[in-house]
Number of protein chains: 2
Amino acid sequence: MAPRSYGQYCGVVRSLELVGERWALLVVRDLIVGPKRFTDLRQGLPKIPTNILSARLKELEETGVVQRRVLPRPASAVVYELTDYGRELEDIVVRLARWGGKALGEPGPDDTIARGAVIVGLKAAFVPEAAGDLEASYELHLDDVVVHMRVAGGAVEFGEGPLDDADLVIETDLSLRLLLFGQITAAEAIRTGAVKVTGKRVLLERFAEVFRMPSTGTGCAGLGARPPALSTER
Amino acid sequence: MAPRSYGQYCGVVRSLELVGERWALLVVRDLIVGPKRFTDLRQGLPKIPTNILSARLKELEETGVVQRRVLPRPASAVVYELTDYGRELEDIVVRLARWGGKALGEPGPDDTIARGAVIVGLKAAFVPEAAGDLEASYELHLDDVVVHMRVAGGAVEFGEGPLDDADLVIETDLSLRLLLFGQITAAEAIRTGAVKVTGKRVLLERFAEVFRMPSTGTGCAGLGARPPALSTER
DNA sequence: CTGGATCCCTCACGATACTG
DNA sequence: CAGTATCGTGAGGGATCCAG
């Protein structure tokens with residue numbers, strides 16, 4: 001049952017055999033946030049067929065990346081979580097989010113937004129040096145996805161769902177990307193209605209400094225311009 | 001022309017759209033070493049069908065990861081090379097090599113060994129802290145793959161092909177992995193014939209310290225115990 | 001309602017052959 | 001040498017169905 005081997009003794013090849021199948025790394029992405037049930041994963045990956053999700057979970061379990069666990073008594077629900085080995089992928093996934101983020105461009109009309117994507121995306125955007133001694137908690141509503149984070153000591157921790165003592169509550173949608181990519185300022189974001197804030201609104205400026213996606217540098221051209229299509233000649 | 005979208009606005013998804021197709025990341029891996037011609041890539045990826053290689057190169061070019069370039073006059077050969085954006089993947093690929101390396105286990109009978117895999121694998125194994133003030137040049141023959149590296153100032157540089165002033169020439173095969181994973185010592189490697197050395201043979205010990213793959217830590221169990229093998233059941 | 005299994009269809013992938 | 005052309009196969013996609 002190794003029908004499609006790459007036939008090379010190489011760590012990259014092994015990685016691709018483990019998490020290179022379609023959807024596999026997105027399952028890992030969503031599990032980085034924490035253990036999830038089958039249905040949670042389905043919801044986070046709206047376009048994945050259930051048989052594929054089944055197959056991927058089985059493969060990831062057999063290869064030691066994911067663990068299947070039956071919750072103790074009252075619930076006795078099945079959850080999937082990363083093994084220690086699987087958790088070592090977090091850094092790589094975050095870097096992929098940062099790299100791919102540079103080429104995101106404008107969202108397509110059918111693009112959805114999932115909780116796992118939000119949290120991993122914000123992890124990718126987090127700039128420790130910019131955090132300094134900031135100490136603040138945020139609650140973020142991105143369409144119907146609600147997450148929260150606490151920034152302290154130059155680090156950040158994420159969680160799902162709301163917070164009851166958030167310093168700032170941010171309600172927004174995908175136009176949050178304009179703020180993250182530095183295409184608008186915090187003030188503009190509020191003024192244009194891209195975000196609505198409740199709480200200590202000066203904290204939105206700090207938010208925009210601390211969560212900042214590398215926009216161009218290298219990578220694809222600034223605004224919605226198509227990624228570099230250079231040589232046409234052959 | 002976006003036939004299989006994941007339908008999410010997410011950096012990880014974008015990364016997978018760019019380099020997540022089968023073989024794509026291995027093309028990138030081989031191009032990390034330097035520009036390559038079509039035939040070089042074919043040779044480094046013996047099992048890739050030419051039409052697939054064509055397709056991947058075309059896609060990678062269209063998405064701005066790879067550049068196609070026609071060499072100046074006398075040669076007028078076509079080479080493929082990473083764009084600046086594509087080169088930003090190097091760190092990620094090296095980390096994948098390190099992560100997947102932990103689960104490599106024993107080589108299969110059909111596993112080949114390619115130049116790109118060797119160089120990226122050694123990059124993954126390089127431990128800067130262990131290099132200290134070592135200054136040495138190595139020429140490594142792994143089966144019929146010949147690469148070289150110069151260690152200096154706590155860094156290393158790789159190149160393809162031989163070196164005419166190598167401090168140490170190492171001739172070996174896949175059993176080099178035993179040395180990299182710390183399952184045998186440099187002395188044992190020489191004694192058992194796993195490697196043959198020419199030159200300042202004490203430099204092999206330094207080599208074994210400086211190029212060291214993280215074997216267990218977390219990850220799959222210690223010795224050949226249980227490398228997450230591809231299970232056949234079900 | 002969760003946690004899948006089963007069916008069928010399609011297209012990307014893979015093997016081989018062939019060309020400028 | 002650097003690819004294109006052709007064609008078969010099986011993994012992925014989508015809908016539906018089923019057990020606990």
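No hydrogens, no waters, no symmetry mates; every other heavy atom, side chains included, goes into these values. Each chain gets a letter, A, B and so on, in the order its sequence line appears, and its residues count up from 1.
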Donor-acceptor contact below 3.5 Å, side chain Arg14(B) vs main chain Ala103(A):
yes

Under-4.0 Å side-chain N/O to phosphate OP1/OP2 contact, Arg37(B) with dA2(D)
yes

Ion pair present between Arg56(B) and Glu59(B), side-chain N to carboxylate O less than 4.0 angstrom?
yes

What integer distance in Å separates Leu57(A):CG from dA5(C):C1'?
14 Å

Nearest of dC13(C), dG4(C), dG13(D) to any side-chain atom of Ile52(B)?
dC13(C)

Atom pair distance, as rounded to whole Å: CZ in Phe38(A) and C1' in dG4(C):
5 Å

Do the charged groups of Lys36(A) and Asp30(A) touch, with an N to O distance under 4.0 Å?
no

Output yes when at least one side-chain N/O atom of Lys58(A) is less than 4.0 Å from OP1 or OP2 of dA5(C), else no.
yes

Between Arg177(B) and Glu106(B), does any side-chain N to carboxylate O distance fall below 4.0 Å?
yes

If only atom types and distance count, is the side chain of Thr112(B) paired as donor or acceptor with the main-chain N or O of Gly7(A) below 3.5 Å?
yes

Does the side chain of Arg22(A) get closer than 4.0 angstrom to OP1 or OP2 of dC11(C) through an N or O atom?
no

Rounded to the nearest Å, what distance is computed from the CG atom of residue Leu53(B) to the C1' atom of nucleotide dA12(C)?
16 Å

Exceeds 12 heavy-atom contacts within 6.0 angstrom, atom CZ of Arg42(A)
no

Quick one: Lys36(B) NZ to dC1(D) C1', roughly how many Å, whole number?
17 Å

Specify the separation, in whole Å, of atom CG of Leu45(B) and atom P of dA2(D).
15 Å

Would a 4.5 Å heavy-atom cut-off, applied to side chains only, mark Val33(A) and Glu160(A) as touching?
yes

Please confirm whether the backbone N or O of Gly100(A) pairs with a side-chain atom of Ser15(B), one donor and one acceptor, at under 3.5 Å?
yes

From CD of Glu21(A) across to P of dA11(D) the rounded distance in Å is 9 Å

Stems for DNA chain C (at least 3 consecutive Watson-Crick or G-U pairs, under 3.5 Å) come to C:1-19 with D:2-20

Just checking Thr39(A): base, sugar-phosphate only, or nothing, at a heavy-atom cut-off of under 4.0 Å?
sugar-phosphate

Test item: Arg98(A) side-chain N/O and Ala124(A) main-chain N/O as donor-acceptor pair under 3.5 Å
yes

Which of dG3(C), dG3(D), dA11(D) is nearest the side chain of Arg56(A)? It is dA11(D)

Quick one: is Tyr80(A) getting a side-chain N or O under 4.0 Å of the dG4(C) phosphate, OP1 or OP2?
yes

Taking the side chain as every heavy atom from C-beta outward, state whether Leu18(A) and Trp99(B) have any atom pair closer than 4.5 Å.
yes

Measure CD/Glu61(B) against C1'/dA2(D) and give the value in whole Å, please.
14 Å

Could you run down nucleotides 15-20 of chain D 5' to 3' and tag each one B, S or - for protein heavy-atom contact under 4.0 Å?
------

Quick one: Ile48(A) CD1 to dA11(D) P, roughly how many Å, whole number?
16 Å

